[in-house]
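Read the numbers this way: they start at 1 and go in the same order the structure lists the ligands and their atoms.
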Amino acid sequence: MALKFSLLNETDAGGRRAQLDLPHQLVETPVFMPVGTAGSVKAVPQETLEALDAQIILGNTYHLYLRPGHEAIRRMGGLHRFISWPRAMLTDSGGFQVFSLSQLRKVSDEGVRFRSHLDGSSHFFTPEHSMDVQIALGADIAMAFDECTEYPATRARAEESLRLTMAWARRSLGHFTANRHNVPWYEEKDGRAQSLFGIVQGGMYTDLRKQSAERLVEMISEVLPLLPKDKPRYVMGVGYPDEIEQYARLGVDMMDCVLPTRAARHGLLFTSEGRLNIKGKKYAEDQGPADPECDCMVCRRYSRAYLRHLMHAGEPLSATLNTIHNLAYYLAIMKRVRASLVAEASAVTQP
Ligand SMILES: [Zn+2]
């Protein structure tokens with residue numbers, strides 16, 4: 001029942017071209033994953049994400065737990081069926097939003113008590129509860145519950161946070177392993193099951209990050225053969241276009257970020273000519289596409305002048321078209337990087 005991760009090519013710089021065989025999709029890596037916060041990549045319908053060739057999207061556990069609720073989603077056949085997304089999905093642990101969005105947090109070894117940012121209601125998240133919620137959502141990949149260390153943090157604070165994250169990772173793994181068979185499509189997917197990813201914390205201290213990574217690997221080795229031998233590397237919440245390319249070339253396999261979608265809604269477009277603020281007066285009668293090098297469905301059809309007009313008029317289509325272009329731009333970077341990794345690399349022989 002191991003996660004299948006097949007390394008195809010590797011460069012001298014450590015960049016790797018691989019395939020991640022998930023229940024709903026054979027994901028070609030390195031991959032960028034659009035963020036679908038509350039069961040939707042904001043402003044973009046699922047069929048358009050498919051047309052853009054998005055292989056895997058994220059769902060946020062915190063948001064889906066609060067609304068519509070994980071038990072409701074389980075009753076409706078899991079998150080894939082509920083939002084009608086046939087390809088791969090990953091859910092985060094809820095930890096990041098608990099620490100960034102909610103109010104009146106109280107952290108103990110047991111878990112985190114917090115108040116909903118929606119209605120102020122009180123909730124308690126433990127590693128076990130995060131696993132239960134993520135199993136109910138049924139994404140291809142679930143994430144261990146972690147404490148997101150704030151920045152900046154003192155050394156002592158980062159050490160304490162790491163201790164907690166490691167303890168929670170162990171509890172996440174134990175609970176997930178014992179309960180993941182409750183995933184609705186578990187029997188249907190050719191023996192391929194939901195996977196759990198560990199999270200490396202440790203603040204900005206390199207040695208703590210190293211220790212965190214080593215201890216995660218140690219822990220994983222204890223539960224072999226239930227867990228994968230080949231491990232994809234996922235950096236959460238990055239980044240700008242040049243950054244995602246750089247990480248991919250260093251050997252990061254998976255990345256996600258709200259930047260392309262959030263920036264799009266504010267009129268910031270990423271292009272081969274750099275960042276473009278579509279609100280600018282100079283685009284008022286510009287008949288050219290957002291990015292002359294881009295062949296996305298927006299750049300093929302609409303002008304900068306029209307995109308600027310939609311933004312100024314407050315038309316909802318503005319968010320949709322801007323987001324489609326930015327996502328196309330990010331996904332095209334990854335496609336280009338994957339091709340160049342193959343060209344630069346020597347083939348890896350699978351054991
Ligand atoms: Zn475009």
Side-chain angles (χ1 to χ4, degrees), residues 25 27-37 40-58 83 85-88 237-249 252 254-343:
Q25 178 82 16
V27 176
E28 306 288 346
T29 69
V31 67
F32 179 80
M33 307 182 286
V35 178
T37 308
S40 156
V41 175
K42 287 190 197 305
V44 184
Q46 277 71 307
E47 55 265 44
T48 307
L49 294 172
E50 288 184 72
L52 286 170
D53 217 12
Q55 306 177 71
I56 172 169
I57 62 173
L58 255 74
I83 75 163
W85 177 247
R87 299 183 183 172
V238 292
Y240 283 95
D242 54 333
E243 289 173 338
I244 62 167
E245 174 156 3
Q246 201 179 358
Y247 284 132
R249 291 186 180 284
V252 173
M254 305 162 71
M255 286 164 272
D256 78 281
C257 195
V258 292
L259 186 60
T261 42
R262 184 175 289 165
R265 298 196 300 281
H266 290 97
L268 180 65
L269 303 180
F270 295 102
T271 78
S272 58
E273 298 170 340
R275 293 179 214 175
L276 184 154
N277 188 336
I278 199 65
K279 283 176 289 191
K281 195 161 196 290
K282 60 180 170 180
Y283 305 120
E285 297 189 17
D286 189 333
Q287 292 302 295
D291 182 353
E293 307 256 299
C294 179
D295 74 340
C296 84
M297 57 187 86
V298 174
C299 291
R300 281 201 308 264
R301 183 157 184 163
Y302 303 106
S303 67
R304 288 173 173 176
Y306 182 56
L307 296 178
R308 176 179 183 274
H309 162 72
L310 291 176
M311 185 98 208
H312 277 272
E315 287 292 334
L317 186 59
S318 168
T320 299
L321 297 185
N322 291 350
T323 305
I324 289 172
H325 164 74
N326 273 358
L327 285 179
Y329 187 73
Y330 267 61
L331 295 168
I333 290 173
M334 284 295 123
K335 194 172 182 181
R336 200 175 61 238
V337 170
R338 286 196 297 270
S340 77
L341 288 175
V342 174

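Inspection of the environment of the Zn ion (ligand 1) yields the following protein N, O or S atoms under 2.8 Å: Cys294 SG, Cys296 SG, Cys299 SG, His325 ND1.
Judged as a side chain to side chain donor-acceptor pair (under 3.5 Å), the pairs with a partner in residues 254-269 (not counting sequence neighbours) are, in order, Tyr234-Asp256.
Applying the salt bridge (charged side-chain N to carboxylate O under 4.0 Å, His left out) test to Arg304 and every residue at least two apart in sequence or in another chain returns Glu273, Asp286. With sequence neighbours excluded, no residue forms a salt bridge (charged side-chain N to carboxylate O under 4.0 Å, His left out) with Asp295.
Using a 4.5 Å heavy-atom cutoff, the side chains of Val27 and Arg87 are not in contact. Here the side chains of Tyr330 and Leu259 are in contact, with some heavy-atom distance below 4.5 Å.
Remark: the backbone N or O of Pro30 is paired with a side-chain donor or acceptor of Arg338 at under 3.5 angstrom.
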